[in-house]
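Below: one structure, written as structure tokens.
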Amino acid sequence: MMKRIGIEALLAWAYRQELPKAGSGAVRGHAGPGAGIGGWDMVADYGELLALIDTSNAWGCVPDFGIEDTPHEDAVMVGEAVAALRDASFEPAPDYDVLADLVLDDGSLLTDEERADCHARGLAIARINEGRMPATLVRMAMLGTSPAWANWPVARKPVRNAQGGAAWFRKATRPNSDGGETVVELDGYDRQRQRPHPGAYKKTRLTPDPVQLVIERVEYQAWVLALASLVADLDGKLTAHVLDGVDRALWPWEGQASRTAPRVLFAGKVSEARMRGPCAA
């Protein structure tokens, strides 16, 4: 009889119970230097070294040395589908915005410049490309959790000088090596006249920096889209399980209940799925 199961529960079952059987007992399947070493041989090694050295199997799991069995074929299909996501890429649409809900402590909103800067820096740091998704999926499955998308108050505060007063800045041009000019930012306070230079301006900074919000939310959404891709890849192919859809909101920080259908979710390949902004709903 086929068992209905959610994709997160299926991943947890595969990586906690079944895939650790690969490389255990009399079953071969170790990756790296341990390849071809039987599970009980490694138990003997542990007795000598009192440590496990390079014992992860081909699925990234530590083998269960006490089991003389092979992983369930459904778990193997899950492992193969997860590994295939190493080539997945996540690209935001031009209107992509994970800070649309952010209101500063004084009730104001981010400026367009602040919003663009936070997204540019956050997307550059977020661990969503370069083959990182399989490791994220495995880690979340083993821990039984999801990437965080925390929220916290953000304030806009003036940039201050060494004496604690408001700092002043001004722009000036300087010649560069190719014969052109470069705009540089200088101290904007005239200490001889004890007043700002003409055209000087003040600056503010966001604290704490919302870039961490962008990083966490982008990584969370990439994970949800990866789950959707796994559902699409595995649907109808499993021998003992029937998959339910993804039970995660894609934009939970915008007021969606945490266990409702996502507002925007693509069920196709992750490489074809693009995270879209609020206008895509």
Side-chain angles (χ1 to χ4, degrees), residues 1-49 51-88 127-128 130-147 219 222-248 267-271:
M1 182 177 178
M2 302 285 278
K3 177 183 178 181
R4 296 201 69 88
I5 191 170
I7 184 61
E8 290 182 65
L10 181 69
L11 286 166
W13 167 78
Y15 283 97
R16 294 187 205 172
Q17 299 181 38
E18 293 299 317
L19 294 178
K21 295 176 182 177
S24 64
V27 180
R28 304 297 189 263
H30 288 84
I37 300 177
W40 291 112
D41 292 329
M42 285 187 293
V43 171
D45 291 343
Y46 178 81
E48 294 179 10
L49 303 173
L52 295 174
I53 308 297
D54 285 327
T55 57
S56 294
N57 62 23
W59 306 110
C61 304
V62 175
D64 185 342
F65 301 141
I67 294 180
E68 295 279 347
D69 199 1
T70 56
H72 191 285
E73 59 184 312
D74 282 0
V76 172
M77 281 192 279
V78 168
E80 291 172 346
V82 169
L85 291 177
R86 62 184 174 274
D87 297 324
R127 295 168 293 183
I128 55 176
E130 300 176 356
R132 293 173 174 175
M133 188 47 59
T136 297
L137 287 164
V138 173
R139 184 172 69 253
M140 295 299 106
M142 288 183 171
L143 295 175
T145 187
S146 65
E219 291 180 349
W223 174 74
V224 173
L225 289 171
L227 293 179
S229 180
L230 289 177
V231 171
D233 287 342
L234 295 169
D235 188 35
K237 298 178 183 177
L238 303 175
T239 62
H241 298 87
V242 177
L243 269 176
D244 289 328
V246 179
D247 192 22
R248 291 280 181 178
K269 299 284 186 181
V270 173
S271 58

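Here the structure is a predicted model, which is why all the values come from computation and not from measurement.
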Inset, instruction - In sequence, state the C-alpha distance, the side-chain angles, and the governing distance for L10 and H241, and then conclude on side-chain contact (heavy atoms from CB on, under 4.5 Å). - result: CA-CA 9 Å; L10 181 69; H241 298 87; 4.1 Å; yes

Legend entry - K21 vs T70, side-chain contact (heavy atoms from CB on, under 4.5 Å): CA-CA, chis, key distance, verdict: CA-CA 6 Å; K21 295 176 182 177; T70 56; 5.9 Å; no

Legend entry - Shortest non-hydrogen separation from A222 to I128 and the atoms involved: CB-CG2, 3.5 Å

Inset, instruction - Locate the shortest heavy-atom distance separating A83 from R86; write the atom from each residue and the value. - result: O-NH1, 2.6 Å

Inset, instruction - Please say whether more than 12 non-hydrogen atoms of neighbouring residues, nucleotides or ligands are located less than 6.0 Å from CZ in R127. - result: no

Legend entry - Residue pair V242, I5: steps toward the side-chain contact (heavy atoms from CB on, under 4.5 Å) verdict: CA-CA 6 Å; V242 177; I5 191 170; over 6 Å; no

How far does [atom1] of [X] sit from [atom2] of [Y], to the nearest 0.5 angstrom?
| X | Y | atom1 | atom2 | answer |
| --- | --- | --- | --- | --- |
| T136 | E219 | OG1 | CD | 7.0 Å |
| L225 | M133 | CG | CE | 8.5 Å |
| M2 | R4 | CE | CZ | 9.5 Å |
| E8 | W223 | CD | CH2 | 3.5 Å |
| C61 | E18 | SG | CD | 10.5 Å |

Using side-chain contact (heavy atoms from CB on, under 4.5 Å) as the criterion, list what pairs up with [X], not counting sequence neighbours.
| X | value |
| --- | --- |
| A141 | L11, Y15 |
| A81 | L230, L234 |
| T239 | H72, E73, D74, M77 |

